[in-house]
Protein chains: 2
Amino acid sequence: MSLKANPATADSGSAATREQLLARATEVFAEHGFRNATIRDICQRAEANVAAVNYHFGGKEELYGEVLRRNFRAALQRFPADGGVRPDAPPTQRLRGFIRSFVQRIFVTGPDSCHGRMLAREMVDPTPALDTLVATEIRSLAASLERIVRDLLGPKVGDWQVRVCLASVVSQIVFYQHCRPVISRLFPDLQFDSDDLEALVDHITTFSLAGIRATARRSP
Amino acid sequence: MSLKANPATADSGSAATREQLLARATEVFAEHGFRNATIRDICQRAEANVAAVNYHFGGKEELYGEVLRRNFRAALQRFPADGGVRPDAPPTQRLRGFIRSFVQRIFVTGPDSCHGRMLAREMVDPTPALDTLVATEIRSLAASLERIVRDLLGPKVGDWQVRVCLASVVSQIVFYQHCRPVISRLFPDLQFDSDDLEALVDHITTFSLAGIRATARRSP
């Protein structure tokens, strides 16, 4: 098969190749970031014709967008945002559910951890794919936490307070993703196995509930 | 002057060139990161011989380490860690001082913002310079917050609780650095001018004090 063969007429046009490209692209983008990743590397790992990326996705940027969205959704499917807590449960329980599932998504290992590493790279070098991800996925996730925080703060508290409380909750979770290199160097014995993760969920929930209630008390 | 001239005998060997190299390297490293930055680019901007980096610093890695350390120290010199609060002040005041100066270092604009962007890159692609920075700068900064948190938690609370409280405080501040691309897309009207910064310092201090006290109450 020539490198210039039309992938639609060869193995590279198959659904299996598309899946292989997405899986290998996930590894390459998580490892090297969007800008330093090469189509050649991805196609070599996927054992696909270099034209297969254009054929299946239209280009590197579109492949990257698909990888980012797909991995973000897969993590949310495995650990749904509500943490299994019903929408009519008290807001303290809904907060704990939201925090637990977010912590699980952050501390997951194996291929499911790639979405966190890709998102961390987006924070340093944002690409157009971030705009799409915020619009299609992150905004609704933020809105579900905003409802919980509003329920806890009460109706009289303003938007600014709601948003900085939302930031205070989320920050305590994503910190373990974004600042891992400093945490592991400062506290090498601070490991998180599954028991510790439950203790961490407890800690962040306790800390956040107290913080939100103190914010409500201070609001005019 | 030939490109191979010994910089020690030319302008490139001067202290002014060394300063120019550090200033331009700061921009280039903040913009492109350690791996993608080139000595050629830095020397062109500094109008220096390409051999000047080896002459003054020994190589790209050493130049980068010096830039990272120097900018981190400059930010701490401008906004000292204690926020101007005396070490014998009550821990609530020391916490506020620590949070205020950290928020100021994170929200600073202009050349002083480069250390934050370089550190954000280190979180995604750590280099050996991070080990040095943690050992020489970040560890003592963390220790000063640890003393405040221990004073607030009381003597009976264990190391694990102290560390996760420390993480809960720091995370709320660095979030505005590390997650800025998502925050600005979710809440484009959430701006922070100097009045808002003081309100943000208030919020993080209130939230953290309540969180630390709740953690102390729950400890056995």
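Order of the sequence lines sets the chain letters (A, B, ...), proteins ahead of strands, with each chain counted from 1.
- Looking at heavy atoms from C-beta onward, A:Q20 lies out of side-chain contact with A:E47 at the 4.5 angstrom threshold.
- Both the backbone and the side chain of A:A120 come within less than 4.5 Å of a heavy atom of chain B.
- Neither the backbone nor the side chain of A:L119 comes within contact range of chain B; no heavy atom of the residue lies under 4.5 Å from a heavy atom of that chain.
- No donor-acceptor pair closer than 3.5 Å links the side chain of A:R150 to the backbone N or O of A:E146.
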Audit row: B:R70, B:H115, side-chain contact (heavy atoms from CB on, under 4.5 Å) steps and yes/no: CA-CA 9 Å; B:R70 185 186 160 101; B:H115 86 284; over 6 Å; no

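- Using a 4.0 Å cut-off between charged nitrogen and carboxylate oxygen, A:D88 and A:R94 do not count as a salt-bridge pair.
- No donor-acceptor contact under 3.5 angstrom links the side chains of B:R73 and B:Q77, judged on distance only.
- Listed options B:D159, B:D125, B:L133, B:D196 were ranked by heavy-atom pairs under 4.5 angstrom with chain A; first place goes to B:D125.
- In this structure, chain B has a heavy atom under 4.5 Å from the side chain of A:D189, while its backbone stays farther away.
- Contact of B:A142 with chain A is made through the side chain alone, with heavy-atom distances under 4.5 Å.
- Neither the backbone nor the side chain of A:Q177 comes within contact range of chain B; no heavy atoms are under 4.5 Å apart.
- Per-residue heavy-atom pair counts under 4.5 Å with chain A were compared for B:V182, B:I204, B:V169, and the maximum is reached by B:V182.
- Most heavy-atom pairs under 4.5 Å with chain A, from the set B:V170, B:L190, B:D131: that is B:D131.
- Heavy atoms of A:H178 lying under 4.5 Å from chain B belong to its backbone as well as its side chain.
- Residue B:L209 does not touch chain A at all, counting heavy-atom pairs closer than 4.5 Å.
- Proximity to chain B is absent for every atom of A:A135, based on heavy atoms less than 4.5 angstrom apart.
- A:V164 touches chain B through backbone and side chain together, each having a heavy atom under 4.5 Å away.
- Ring geometry for A:W160 versus B:F192: interplanar angle over 60°, hence perpendicular rather than tilted (30 to 60°).
- No hydrogens or angles considered: a donor-acceptor pair under 3.5 Å links the side chains of A:S168 and B:Q172.
- For chain B, the nearby parts of A:L186 are the backbone and the side chain; heavy atoms of each come within less than 4.5 Å.
- In this structure, the portions of A:L200 lying under 4.5 Å from any heavy atom of chain B include both its backbone and its side chain.
- A cation-pi arrangement, defined by a distance under 6.0 Å to the six-membered ring centre and an angle within 45 degrees of its axis, is absent between A:R105 and A:Y176.
- Between B:D41 and B:R24 there is no salt bridge, since none of the side-chain N atoms of the basic residue sits less than 4.0 Å from a carboxylate O of the acidic one.
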Candidate pair B:V53 and B:E62, rule side-chain contact (heavy atoms from CB on, under 4.5 Å), full reasoning: CA-CA 9 Å; B:V53 166; B:E62 292 81 359; over 6 Å; no

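- Of the atoms belonging to A:R163, it is side-chain heavy atoms, and not backbone ones, that fall under 4.5 Å from chain B.
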